[in-house]
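To start, the structure under review is shown below, and the notes come after it.
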Amino acid sequence: MNVGNEMYELARELFPLDRSLTGDGVRRTLAVLKRELPEMTVHEVPSGTEVFDWTVPKEWAVRQAYIEDEKGNRIIDYKDLNLHVMGYSTPVDRWVDLEELKKYIYVQKGQPDAVPYVTSYYVQRYGFCMSEKQKDALLPGRYHMVIDSELFDGSLTYGELMIPGKEEKEILISTYVCHPSMANNELSGPVLAVALAKKIAAQTNRKYTYRFIWIPETIGSITYLSEHFEYMKKNTAAGFVLSCVGDDRTFSYVPSRDGNTLADRAARNVLSFYYPEYKRYTYLDRGSDERQYNAPGIDLPVCVVCRSKYGEYPEYHTSLDDMNFISPEGLQGAYEVYERILNALEYNDFYRIKCLCEPQLGKRGMYPTVSRKGAYDVVKSMVDFIAYADGKRDLIAVSDLIRVPIDQLIPIINKLTEADLLETADE
Amino acid sequence: MNVGNEMYELARELFPLDRSLTGDGVRRTLAVLKRELPEMTVHEVPSGTEVFDWTVPKEWAVRQAYIEDEKGNRIIDYKDLNLHVMGYSTPVDRWVDLEELKKYIYVQKGQPDAVPYVTSYYVQRYGFCMSEKQKDALLPGRYHMVIDSELFDGSLTYGELMIPGKEEKEILISTYVCHPSMANNELSGPVLAVALAKKIAAQTNRKYTYRFIWIPETIGSITYLSEHFEYMKKNTAAGFVLSCVGDDRTFSYVPSRDGNTLADRAARNVLSFYYPEYKRYTYLDRGSDERQYNAPGIDLPVCVVCRSKYGEYPEYHTSLDDMNFISPEGLQGAYEVYERILNALEYNDFYRIKCLCEPQLGKRGMYPTVSRKGAYDVVKSMVDFIAYADGKRDLIAVSDLIRVPIDQLIPIINKLTEADLLETADE
Amino acid sequence: MNVGNEMYELARELFPLDRSLTGDGVRRTLAVLKRELPEMTVHEVPSGTEVFDWTVPKEWAVRQAYIEDEKGNRIIDYKDLNLHVMGYSTPVDRWVDLEELKKYIYVQKGQPDAVPYVTSYYVQRYGFCMSEKQKDALLPGRYHMVIDSELFDGSLTYGELMIPGKEEKEILISTYVCHPSMANNELSGPVLAVALAKKIAAQTNRKYTYRFIWIPETIGSITYLSEHFEYMKKNTAAGFVLSCVGDDRTFSYVPSRDGNTLADRAARNVLSFYYPEYKRYTYLDRGSDERQYNAPGIDLPVCVVCRSKYGEYPEYHTSLDDMNFISPEGLQGAYEVYERILNALEYNDFYRIKCLCEPQLGKRGMYPTVSRKGAYDVVKSMVDFIAYADGKRDLIAVSDLIRVPIDQLIPIINKLTEADLLETADE
């Protein structure tokens with residue numbers, strides 16, 4: 001559980017930082033991640049830059065924000081919870097009565113204790129968010145609405161880490177840093193990406209190059225693609241959006257638009273053995289940056305493996321998606337699933353048995369020497385692997401067919417290779 | 001319900017005419033249809049003409065026909081119900097006793113009140129049809145069998161209406177006029193074809209050319225194909241046989257032999273949204289002119305959407321398939337289904353979104369400006385359409401995938417086209 | 001039931017012969033089969049011959065073998081049941097106490113009355129097999145272990161029968177002769193092969209050439225393939241391993257590795273009509289010589305149709321798989337299934353109707369002349385066959401689609417061919 005605890009502690013450190021699409025909250029977040037991964041590079045893209053059909057927005061900063069009553073009681077304060085201010089609110093400093101105040105208050109209907117997460121990135125307005133209980137407790141009277149914020153030409157900030165492998169072909173790991181105070185639907189992704197990047201960097205003999213990116217959602221992936229799309233389209237073997245990977249309720253899978261890319265096949269293979277009851281969604285249930293990676297003409301082989309999927313759990317996009325909602329165990333489980341998926345991809349190849357007919361395993365000490373009822377079963381995984389090692393099915397396909405996890409096939413592959421009985425199809 | 005009523009009234013007018021494979025009953029029927037559709041042309045093909053493996057039969061006329069008892073009581077009379085005479089009966093004028101008479105009487109076993117519809121087109125004989133009750137009530141005695149009929153070299157008659165569109169590619173609508181006194185399994189088809197032809201003719205901007213034909217079943221479609229087969233094979237985009245479209249019990253679908261032509265796909269798409277419980281048959285359940293259109297070597301993309309399918313309802317091919325069996329509501333429902341199918345075909349194209357990544361709908365007023373939990377749902381149909389508008393799937397395929405009826409996608413297509421965000425793949 | 005009885009009597013004659021991988025038991029068995037099929041040729045392959053990854057083993061002979069107690073009582077004797085000696089046991093002549101004796105005794109756990117069938121072909125050792133009851137009844141004391149056996153350079157023996165047809169394309173029928181005293185999992189196969197060979201040889205007008213082989217399992221098929229692989233790969237249209245075809249509990253099917261070869265399609269077609277509840281296994285359940293025929297690079301179109309499948313019935317590989325386990329009825333059923341499968345293969349072709357649109361069956365006396373409700377049904381098989389006789393689907397595919405067994409389609413094919421309405425696609 002070490003990795004799970006490390007990830008959880010890192011998320012706890014990042015939780016209070018006031019992230020948004022842009023701004024210093026994001027920069028401070030990336031600085032913490034870069035402390036963990038010194039090779040990470042941080043990039044700034046100026047406001048106003050045109051990226052496909054979009055424009056990089058102005059930068060947003062909040063110095064302070066609150067609502068006070070006539071006696072000077074702070075009803076809500078940005079310092080306590082950054083969700084209390086609608087994201088990208090314009091400045092305001094007004095005394096209003098209760099009726100007028102309510103026009104600027106957003107609550108989450110049906111969840112009386114939850115403060116909703118609300119933004120207005122592309123139309124200028126201001127607003128406050130609170131729980132229904134808080135709103136219902138407001139007494140008639142005068143209130144002071146204060147948002148000391150600024151929207152200014154600045155830049156959009158993102159982090160990138162390339163870990164080179166033997167091949168130019170890449171695995172993309174994309175996650176986002178733009179939601180304030182969200183544990184599952186934000187921090188679980190960046191901290192899992194950090195843990196996976198450390199693991200990959202420590203491995204020698206990587207086949208693939210790994211591209212890790214920490215970006216603001218939607219505008220970040222669009223911006224990043226506008227810069228790197230041509231190269232990525234040529235070189236991406238598989239990719240995953242890390243989002244909502246910290247709770248321990250379930251595992252979920254959202255396919256790519258194509259539905260059967262290498263990323264999809266590796267993800268389904270691993271989940272089918274270790275979490276056979278995982279929730280299968282369709283591409284119609286997409287919601288994070290896989291929307292951009294799979295857009296027509298982009299068509300990257302990117303899918304999502306997560307735990308409780310965005311949009312599907314009640315705490316989603318409210319103050320209840322906090323550090324109590326995720327756990328070291330939940331993060332650890334997601335880490336192990338992605339570790340297996342990446343392992344499957346690294347070992348995936350078209351293996352071919354080198355002799356005609358079955359090899360004589362007995363003379364190599366790889367088969368029971370007494371032949372009797374049931375003797376065959378103890379070497380079933382090996383003989384089934386051999387039976388399908390025809391150079392036409394890749395390892396994932398063989399594992400799917402013979403129902404043996406790739407983790408258990410790797411030692412068999414190694415043994416057969418040592419015995420000079422196995423080659424890959426390009427040998 | 002106006003169209004339903006109009007169709008029903010037209011069927012009522014046509015019901016008493018004594019149609020057969022050939023003859024004046026068919027000509028009088030086509031004359032009534034031509035009154036509704038003055039552009040229709042009526043064609044005559046001489047008896048003896050060789051059409052593929054068949055020969056156009058002689059023409060059949062009945063002046064009078066009846067069975068009388070010794071006291072001059074008419075047991076049955078052709079004037080009352082033309083089903084009482086076996087179709088294509090040769091002339092007879094004989095006094096016989098009851099035992100001999102019975103050799104010439106056909107009844108419908110198990111349906112004591114039904115007079116069956118029986119023909120002998122290709123072997124010369126004569127016969128009478130009555131209900132089991134009528135037959136059982138016959139007393140011993142002498143009977144006068146009279147059929148004053150004639151089989152002579154004449155012609156086979158059919159009607160045709162071409163409604164030109166922007167393209168040479170055609171939609172075929174085929175229906176039949178050869179059954180005497182059948183409401184569902186005959187007149188529902190010709191009157192629905194009339195209503196659809198009027199609607200199509202009134203539409204401007206038709207993509208497809210429409211070929212409507214009113215023919216005798218089997219020999220008519222064989223004759224028509226022998227004349228038009230080469231052109232139709234090159235130009236038919238989709239076709240439908242209209243038969244049994246007047247009752248209001250259910251909807252049914254008989255696929256083409258191929259099973260997945262454009263006609264099939266449009267039919268299944270519409271039925272899956274509006275009548276998801278529709279009865280799915282296979283091509284083994286075929287029975288009308290789709291048999292000829294789908295024959296090996298002909299291979300036109302023709303399927304059947306009907307209500308209670310021929311051969312599957314007890315009233316089929318008996319006197320019970322009368323004007324009480326069909327209804328204005330039943331005809332109206334079929335009209336609306338075919339209207340949607342033809343609309344789907346007209347709008348079907350390979351649409352492609354013009355920008356890379358998702359377009360920014362917000363700046364065009366096509367997306368909620370406040371982003372919060374659930375905001376996405378209100379534009380789900382549009383973003384799902386965009387997600388699959390890759391120029392590789394046609395509209396029917398996208399509608400099938402995203403489970404939004406084409407009727408609801410058409411305004412979205414129009415909006416996106418106006419915003420210059422959408423093109424068709426051949427643009 | 002004549003064939004079933006003949007097969008059963010032949011199996012009874014062969015049952016006592018002491019077959020093993022090699023040796024005189026096999027030679028005597030083949031001599032009996034050759035008496036039935038004088039055209040069969042018997043082949044010897046010297047010990048030490050390299051065959052792909054394997055080597056032809058030494059020949060094994062047992063003169064006598066038993067365990068005696070101090071009083072001279074024979075506890076078990078090879079003469080009574082050849083399963084009592086582990087196959088390929090090296091010689092021994094030792095007095096031992098009970099504890100030591102038990103190290104050399106093999107029993108079948110959980111089946112107290114069964115003597116297991118155990119071999120050690122590729123590591124030299126000796127051993128005895130007995131029932132658990134026999135072992136448990138052994139009293140403390142001294143025992144004399146005697147195996148007067150010999151392992152020497154000799155040869156591997158197999159039988160082959162080629163029955164030429166009009167084409168070079170072949171049907172392979174492979175069965176094995178190497179198990180001592182096994183009725184279902186041995187003799188049912190060789191005797192069924194004899195019966196089928198007699199039937200095929202008696203047929204005139206064979207399309208296919210038939211290759212029957214009687215070989216020792218595994219090493220025999222590897223040896224045979226090493227000699228004939230290139231030719232067989234080019235010319236084998238379909239093949240079947242005959243094994244476990246003598247009991248009457250069920251029918252089973254093990255697909256080829258490919259899963260959809262002509263052999264598979266013919267097998268599934270026949271079973272689906274005559275034994276629709278047959279047990280469907282996957283290639284993961286393989287176990288006999290289909291392992292070699294389907295190995296990567298060999299890839300022959302070979303599957304298995306059997307009754308109770310090897311490894312799946314409790315009597316398998318024990319003394320309970322005896323002449324009581326199989327029956328004339330069981331053999332007869334398997335014979336009939338294979339007869340139908342071979343018939344399906346002989347008649348399989350791409351048939352094409354020669355006219356456009358449906359042919360007029362009526363004028364040829366092939367259709368009811370009175371047309372009324374239900375008339376169509378009596379010729380349904382014929383019209384459905386015609387509807388799919390497009391020269392693109394083979395007979396098996398058409399039979400699968402229209403759900404009419406090939407046995408019932410053959411007279412239709414003959415009738416249509418006589419009427420000059422049908423041709424094959426290569427005509």
Side-chain angles (χ1 to χ4, degrees), chain A residues 349-395 397-405 408-409 412-413 415-416 419-425 427, chain C residues 21 51-55 57 86-88 106-111 114 116-125 127 129 185 217-219 221-226 229-230 233 257-259 282-287 289-299 310-311 314-318 321:
Chain A
D349 215 326
F350 293 80
Y351 294 100
R352 184 166 51 202
I353 204 73
K354 292 176 76 168
C355 67
L356 285 170
C357 289
E358 291 182 340
Q360 192 184 356
L361 298 174
K363 70 182 180 190
R364 296 176 177 91
M366 294 156 83
Y367 203 91
T369 56
V370 175
S371 175
R372 58 187 306 193
K373 203 154 128 174
Y376 192 55
D377 295 347
V378 304
V379 289
K380 190 84 174 90
S381 296
M382 181 180 286
V383 296
D384 280 352
F385 174 77
I386 290 170
Y388 284 103
D390 56 8
K392 288 168 198 155
R393 289 169 172 94
D394 66 10
L395 180 60
V398 174
S399 165
D400 283 345
L401 256 171
I402 71 175
R403 303 309 305 148
V404 180
Q408 292 173 31
L409 290 177
I412 289 174
I413 288 169
K415 228 187 263 188
L416 291 172
D420 196 29
L421 282 170
L422 197 69
E423 63 189 359
T424 56
E427 283 179 60
Chain C
L21 270 202
V51 290
F52 295 137
D53 193 48
W54 299 61
T55 308
M86 171 190 262
Y88 269 63
Y106 296 85
V107 298
Q108 188 63 46
K109 278 181 194 147
Q111 292 180 269
Y117 166 47
V118 182
T119 64
S120 179
Y121 294 137
Y122 299 104
V123 166
Q124 297 209 349
R125 57 161 64 87
C129 303
N185 184 41
E217 209 178 12
T218 304
I219 185 66
S221 52
I222 293 169
T223 300
Y224 193 83
L225 283 168
S226 76
F229 157 62
E230 303 275 1
K233 183 145 183 173
R257 193 164 68 96
D258 172 281
T282 77
Y283 185 64
L284 298 179
D285 303 306
R286 73 202 178 283
D289 284 321
E290 70 276 12
R291 289 161 50 179
Q292 312 311 324
Y293 297 129
N294 285 282
I298 301 290
D299 296 319
Y310 41 77
E315 297 85 351
Y316 172 76
H317 269 207
T318 76
D321 185 353

Against chain A, label [X] side chain, backbone, both or neither, depending on which of its atoms sit under 4.5 Å from a heavy atom there.
{"X": "Tyr117(C)", "value": "backbone"}
{"X": "Phe229(C)", "value": "side chain"}
{"X": "Leu225(C)", "value": "side chain"}
{"X": "Arg125(C)", "value": "side chain"}
{"X": "Thr318(C)", "value": "side chain"}

* Top residue by heavy-atom pair count (under 4.5 Å) with chain A, among Leu284(C), Thr55(C), Val118(C), Ile298(C)? ->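 Top count of heavy-atom pairs under 4.5 Å with chain A: Leu284(C).
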* Structure fact -> Most heavy-atom pairs under 4.5 Å with chain A, out of Tyr121(C), Tyr310(C), Tyr106(C), Tyr283(C), belong to Tyr283(C)
Can you name the closest pair of heavy atoms from [X] and [Y] and give their distance?
{"X": "Gly287(C)", "Y": "Glu217(C)", "result": "O-OE2, 4.0 Å"}
{"X": "Val51(C)", "Y": "Ile222(C)", "result": "O-CG2, 3.6 Å"}
{"X": "Gln108(C)", "Y": "Pro116(C)", "result": "OE1-CB, 3.5 Å"}

* To do: Output yes when a side-chain donor or acceptor of Asp321(C) lies under 3.5 Å from a complementary backbone atom of Asn185(C), and no otherwise.
  => yes
* To do: Would you mind reporting whether Val398(A) and Leu401(A) have side-chain heavy atoms less than 4.5 Å apart?
  =>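 Of all side-chain heavy-atom pairs linking Val398(A) with Leu401(A), none is under 4.5 Å.
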* Asked: Hey, does Cys355(A) have a side-chain heavy atom less than 4.5 Å from the side chain of Gln360(A)?
  ->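 Side-chain contact under 4.5 Å: no.
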* **Among Val383(A), Asp390(A), Ile353(A), residue most engaged with chain C (heavy-atom pairs, under 4.5 Å)** => Asp390(A)
